[in-house]
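Notes to accompany the following structure.
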Amino acid sequence: DAAEDLVERPPVVTIMGHVDHGKTSLLDAVRETEVTAGEAGGITQHIGAYQVHHNGKAITFLDTPGHQAFTAMRARGAKVTDIVVLVVAADDGVKPQTEEAIDHARAADVPIVVAVNKIDKEGADPTRVRTELTQRDLQPAEWGGEIEYVDVSAKTKQNLEDLLETIQVVADLEELKANPNVEASGHVIESKLDPGRGPVVTLLIDRGTLKIGDAVVAGADWGKVRALVDYKGDRVKEAHPGDPVEVLGFDGVPEAGEFFHVVESDKRARVLAAERANRLKTESIARRSGRKVSLEDVFTRAKSGTSKELNLVVKADVAGSLEAIEDEIAKLPQTEVFAQVIHRGVGGINESDIMLAAASDAVVLGFNVRPVGDAAAIADREGVEIRTYSVIYRAIEELRAAMEGMLE
Ligand code: GTP
Ligand code: NA
Ligand code: MG
């Protein structure tokens, strides 16, 4: 893009955190600041994303159900989030899903802003939250670190403007710019089949301007834009970089995380979508017979220069063995391959573990634990290798062998 065509775009923010720490309440409260600011009138949220204005500039919030959806998108190759707001309840502190959220945000390489919520509650201890998160390498800026913390209450609406201000300061550092003067492209946020309206697809525009009449391809689906609806439910003629918008006119419902782009004609869109559908069919057959990442091909990949990192997700039945495994992994001789644990946890191997592994090309190691729920099926679909062990030394031997290219 010519530099003069680049203009500032709104940051895209995802809220993550432990169950019941107030993610939804905080989103609702932030949305109400918009209403009370009188800028957008009585907003009834229309789509799974919306914008709030602060200092005359927009911030786009994605209303995701949590880090699983966030990472599922990334596994499809979509990096849609610019900033993660990590919500931690001041009366409860850091919990397992807080740690998961941190690992997911880190693996995605997205800056984190911490919202210490529920400061109105008796027993709220915002300092303790800072101490606990410092132990997870999220040093507060006010203690000489790099992470911005804002103490808030979704209930009393305290400091919400500060939170928006902080998000904008962090966004400014990211220098988020896009060219609005090209054909639009971006990602699918969600899609559904509406009994009255047919396929309804929510897109987030990364660059360019999407207009009525545009021919669009998203994965194996295509469409001609018949109508555009913004987050307030109003019909609009165009959508710009950083805007979420609902699109009518698709032939089907593309998956969340799919890339979309505008092409020159309906005919071209149809051809590209059909080609993609065929490719997906072939890939899914290839996936079933092969793998995306496995211990076996770690050394081969390292030698060919494709990747020198062996990312690991480690799950164990008890905290003690988790620590022992991490110690052993740290002691492994770093050959051409560098082994790193990107996420660890106590308990069965779940869907969230698999999606994180899929998004980060990681192998999942389980110690005295097994896949739970749909995890095994999803691992199969996503091409993620799960290796389970009952003794630690066995796993370490295999890792060492893989790193030296000598796995039997
Ligand atoms: P899940 O989506 O289930 O993970 O929960 P969540 O993180 O979205 O939390 P939610 O917004 O549902 O809030 C959980 C509970 O905490 C609700 O009863 C809220 O009313 C309460 N709550 C949220 N924020 C605050 C706050 O700032 N102060 C107080 N006192 N209560 C709050
Ligand atoms: Na809740
Ligand atoms: Mg919620």
Side-chain angles (χ1 to χ4, degrees), residues 12-36 43-50 52 54 59-73 80-81 83-105 108 110 112-130 132-133 136 138 148-167 189-190 192 202 231 244 256 343 345 347-348 350-353 355-356 372-374:
V12 180
V13 178
T14 299
I15 311 262
M16 299 205 268
H18 192 69
V19 61
D20 278 351
H21 277 198
K23 300 177 290 293
T24 304
S25 304
L26 199 57
L27 279 166
D28 287 346
V30 159
R31 195 159 44 222
E32 278 171 39
T33 65
E34 180 85 354
V35 178
T36 50
I43 300 169
T44 48
Q45 191 191 351
H46 195 68
I47 57 184
Y50 59 89
V52 165
H54 182 70
I59 300 170
T60 301
F61 284 93
L62 292 186
D63 202 3
T64 70
H67 46 247
Q68 227 153 285
F70 170 84
T71 296
M73 285 233 205
V80 297
T81 302
I83 295 170
V84 163
V85 170
L86 180 70
V87 178
V88 186
D91 62 333
D92 203 24
V94 172
K95 287 282 172 285
Q97 277 173 271
T98 315
E99 298 190 331
E100 261 186 52
I102 295 168
D103 289 343
H104 282 248
V110 176
I112 297 172
V113 168
V114 180
V116 182
N117 190 33
K118 308 199 188 186
I119 55 164
D120 62 283
K121 281 185 85 168
E122 210 175 309
D125 189 350
T127 305
R128 195 191 75 184
V129 172
R130 283 167 174 74
E132 288 175 348
L133 287 176
R136 274 92 183 165
L138 294 177
E148 296 297 336
Y149 283 63
V150 187
D151 294 341
V152 296
S153 165
K155 188 180 176 189
T156 64
K157 315 264 195 298
Q158 207 176 325
N159 291 348
L160 297 184
E161 296 287 339
D162 277 1
L163 179 61
L164 298 178
E165 181 72 33
T166 303
I167 289 169
I189 299 297
E190 63 183 13
K192 58 181 186 235
T202 304
Y231 67 99
H343 175 63
N350 60 35
E351 190 178 330
S352 170
D353 298 325
M355 294 316 288
L356 181 59
V372 294
D374 293 333

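This chain uses plain numbering: 1 for the first residue, then up along the sequence. In listed order, ligands and their atoms are each counted from 1. Since the model is a prediction, treat every value here as computed from it, not as a measurement.
Listed by number with element, the atoms of ligand 1 under 4.0 angstrom from any heavy atom of Val19 are 3 (O), 4 (O). Of all atoms in ligand 1, numbered sequentially from 1 with element shown, those under 4.0 Å from a heavy atom of Asp120 are 26 (C), 27 (O), 28 (N), 29 (C), 30 (N). The distance from ligand 1 to the heavy atoms of Ser153 drops below 4.0 Å at these ligand atoms: 27 (O).
With a 4.0 Å cut-off on non-hydrogen atoms, Val152 does not touch ligand 1 at all. Residue-level proximity to ligand 1 for Asn117 is carried by the side chain, the only part with a heavy atom below 4.0 angstrom. Residue contacts with ligand 1 for His21 involve N, CA, C or O but no side-chain atom from C-beta outward (heavy atoms, distance under 4.0 Å).
Looking at Ile119 next to ligand 1, no N or O pair under 3.5 Å apart turns up. On a distance-only criterion, Lys118 and ligand 1 share at least one N/O pair closer than 3.5 Å. Geometrically, ligand 1 and Gly22 share a nitrogen or oxygen pair separated by less than 3.5 Å.
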Worksheet entry | Step-by-step salt bridge (charged side-chain N to carboxylate O under 4.0 Å, His left out) determination, Glu132 to Arg128 | CA-CA 6 Å; Glu132 288 175 348; Arg128 195 191 75 184; 3.3 Å; yes
Fill in: CA sep, side-chain torsions, deciding dist, call: Asp151, Arg130, salt bridge (charged side-chain N to carboxylate O under 4.0 Å, His left out)
CA-CA 11 Å; Asp151 294 341; Arg130 283 167 174 74; 3.0 Å; yes
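Under the 30°/60° scheme for interplanar angles, the aromatic rings of His104 and His343 are found to stand perpendicular.
Scanning for side chain to side chain donor-acceptor pair (under 3.5 Å) contacts around Thr166 gives an empty result, with sequence neighbours left out. Residues satisfying the salt bridge (Lys or Arg N to Asp or Glu O under 4.0 Å) criterion with Lys157, sequence neighbours excluded, are Glu32.
At most 12 heavy atoms of other shown residues, nucleotides or ligands fall within 6.0 angstrom of atom NZ in Lys155. Applying the 6.0 Å contact sphere to CG of Asp374 captures no more than 12 heavy atoms from other residues, nucleotides or ligands.
With a cut-off of 2.8 Å, the Mg ion (ligand 3) has no N, O or S atom of Ser25 in range.
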